[in-house]
Structure formats: structure tokens, C-alpha cells
Amino acid sequence: MHPMALRPLANPRFRRLIWLVVGLLGWAGLVIVGRGLWAEDPRQLGFDLELILRAGRRVAAGLGPYDAALVDGTAQLEAADLFFSYPPPIAQAASLLVGLPTLVALAALGGIAVGGVAVVVVRVARRFAPWVRPADAALPAVALLPFLYPMAAALLFGNVDALYPLLYGAMLLGVLAGGRGGAATAGLGLIAATITKVHPGAMGLWFVVRGLRERRGERGVAWPALGVAV
């Protein structure tokens, strides 16, 4: 490619404009898909979040979060059947949101998830590329989110997986920051992710291995962070 053709890309404002256009197209497409899911019968937009909110309403009413027929084994389920299967603390947290419309809760979840991605990317860039402006770090990440199928699906259906970039980012940034505050941040990120879906608890192995490596050098926070999570 001729060097003259690449000259506009050297302009930060031009690059931001490109990312802004890409982001607008991506997010507009996601909104269009969401409107289609909202119009379906039964409604598909936010269906996973609705299961969580229903479990929260059962907890608020003094009942267990799980369907009684599922617990006693009398329910006849098909592979496509959907039901609340998160750990109980998710329903207990959702019990505080009784009366909140699903669409409002879905928007809040999406806002926290997208904002979390932006914060994590900016903090990582500040750590490893301090010359990069926060906007130049966050804008591409946020613009590309709707094109990433796992994140797009999580945002459309209200799956708590949308929060994983924030929680895993907290683990990484906490370990990198060091000190008591870093250990607390990393440990809380680990336990929040584990309470959400259990399997992220396997990240504890990463803390163990990193702790073994840290023992050979300067004092780290991997093991203290794991202690906070435990």
C-alpha cells in the first residue's frame, strides 16, 4: 500500500472517527436484533435474566430459588427447556430487584458490562502502554463488543457471562497492582465470578501457580488474593 494512503491513519482524530463509525454500526445492528427478539412470542430478549428475576421473586416470597418440580425430580424436561440453574446467591441478589422491569434490568446489566470492559482496557493500557490515551484504548474495545458473539449473546439474553470481562479484569489488575488493595481486588473478582457460575473457580489454579512463581522473586499478591477469595 502506498505510504500516502496510510497517512490518514496516522491522525488520531481520523482513527477515532473510524472506530466511532464501526461502533455505531455494530451497536445499531445489536439493537435491531434485540427489537426482533423483543417482538417474538414468547419474548426472547433478556430471557436468561428473566429466569434470574423470577428466582429472585421466589426468594423474596420466602421460597427456594429453584422450581420445586426440578428439586424433587418430577419435572419432565426437554433439552431445550430453560430454568434457573445458577447458584443460590444469584437469586438472593436478584430478590433485591423485585418489581424492576426486565428491560430496565437488562439495560443496567449491559451498562455495567460495557462500562467494565472500558475500565479494564483503560487500566491495562495505562499499565503496559501509558502513552495511549484512555479514549484511544476504550473506543476500539467498546466498538468491537457487538461483533463478538459471546458478548453480544450475553447482552441480548441477559446472561451474567457479560460481567466476566470486568471480573477477570479485576483479577488481573489486582495482581498487577500488588499490595493489600490489589490482593483484595483480585480475590473479590475471583469469588464474584465463582459465585456466579462456579466453574470460574478454576482460576484459583492460576493464582496458585503465579504464587509459586512469585516466591522465587519479589513478594507478590497471588496467594493473598486466593486467601481473600477463600
Side-chain angles (χ1 to χ4, degrees), residues 20-120 138 141-169 192-200:
L20 186 61
V21 172
V22 170
L24 288 175
L25 291 174
W27 287 105
L30 196 68
V31 169
I32 292 173
V33 173
R35 289 187 62 181
L37 293 174
W38 181 264
E40 290 188 12
D41 187 20
R43 185 173 295 156
Q44 296 298 308
L45 183 67
F47 75 81
D48 197 56
L49 183 58
E50 177 61 26
L51 294 175
I52 295 175
L53 294 176
R54 289 177 186 173
R57 296 184 193 110
R58 287 199 291 268
V59 170
L63 304 173
Y66 305 105
D67 190 310
L70 294 174
V71 176
D72 60 25
T74 60
Q76 300 297 320
L77 297 175
E78 301 292 336
D81 289 335
L82 300 173
F83 51 89
F84 178 78
S85 58
Y86 290 94
I90 301 301
Q92 293 167 334
S95 68
L96 304 176
L97 306 177
V98 173
L100 189 67
T102 302
L103 193 59
V104 175
L106 184 65
L109 176 66
I112 295 172
V114 175
V117 168
V119 170
V120 168
V142 173
L144 292 175
L145 279 182
F147 297 100
L148 302 178
Y149 178 76
M151 176 60 80
L155 293 174
L156 287 171
F157 300 133
N159 195 294
V160 294
D161 287 5
L163 299 176
Y164 280 175
L166 173 60
L167 298 178
Y168 279 81
T194 303
I195 287 176
T196 301
K197 278 199 169 180
V198 180
H199 65 77

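Residue indices begin at 1 and follow the sequence shown. When reading the values below, keep in mind they use all heavy atoms of this one structure, side chains included, and skip hydrogens, waters and symmetry mates. Just so you know, these numbers come straight off a predicted model, no measurement behind them.
- Listed here is the closest heavy atom pair of F84 and A91: CZ-CB, 3.7 Å.
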Taking distance alone, no hydrogens or angles, what donor-acceptor pairs closer than 3.5 Å link side-chain atoms of residues 94-117 to residues at least two apart or in another chain?
from: S95; atom 1: OG; to: Q92; atom 2: O; distance (Å): 2.4
from: T102; atom 1: OG1; to: E50; atom 2: OE1; distance (Å): 2.3

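- When all heavy atoms of Y66 and Y86 are compared, the pair lying nearest together is OH-O, 2.6 Å.
- Between A55 and P65 the shortest heavy-atom distance is CB-O, 3.6 Å.
- Of all heavy-atom pairs between V120 and P165, the closest is CG2-O, 3.9 Å.
- Between Y168 and Y164, the ring-plane angle classifies as perpendicular under the 30° and 60° cut-offs.
- Residue E40 holds its CD atom at 9.5 Å from CG of L45, rounded to the nearest 0.5 Å.
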Assess the residue pair I52 and V160 against the criterion (side chain to side chain contact (heavy atoms under 4.5 Å, CB included)); give the C-alpha distance rounded to whole Å, side-chain angles, the decisive distance to 0.1 Å, and a yes or no.
CA-CA 10 Å; I52 295 175; V160 294; 3.9 Å; yes

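- Proximity of V22 to F147: side-chain heavy atoms (C-beta onward) are separated by under 4.5 Å at one or more points.
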Evaluation steps, side chain to side chain contact (heavy atoms under 4.5 Å, CB included), between V142 and W27
CA-CA 9 Å; V142 173; W27 287 105; 4.0 Å; yes

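- Interatomic distance, I90 CD1 to I195 CD1, rounded to the nearest 0.5 Å: 7.5 Å.
- Separating the CG atom in L53 from the CZ atom in R58 is a distance of 11.0 Å, to the nearest 0.5 Å.
- Here salt bridge (Lys or Arg N to Asp or Glu O under 4.0 Å) pairs that include residues 154-168, with residues two or more places apart or in two chains, are D161-K197.
- With contacts defined as side-chain heavy-atom distances shorter than 4.5 Å, the pair L148/L145 qualifies.
- Between L30 and A152, the shortest heavy-atom distance links the atoms CD1-CB, 3.7 Å.
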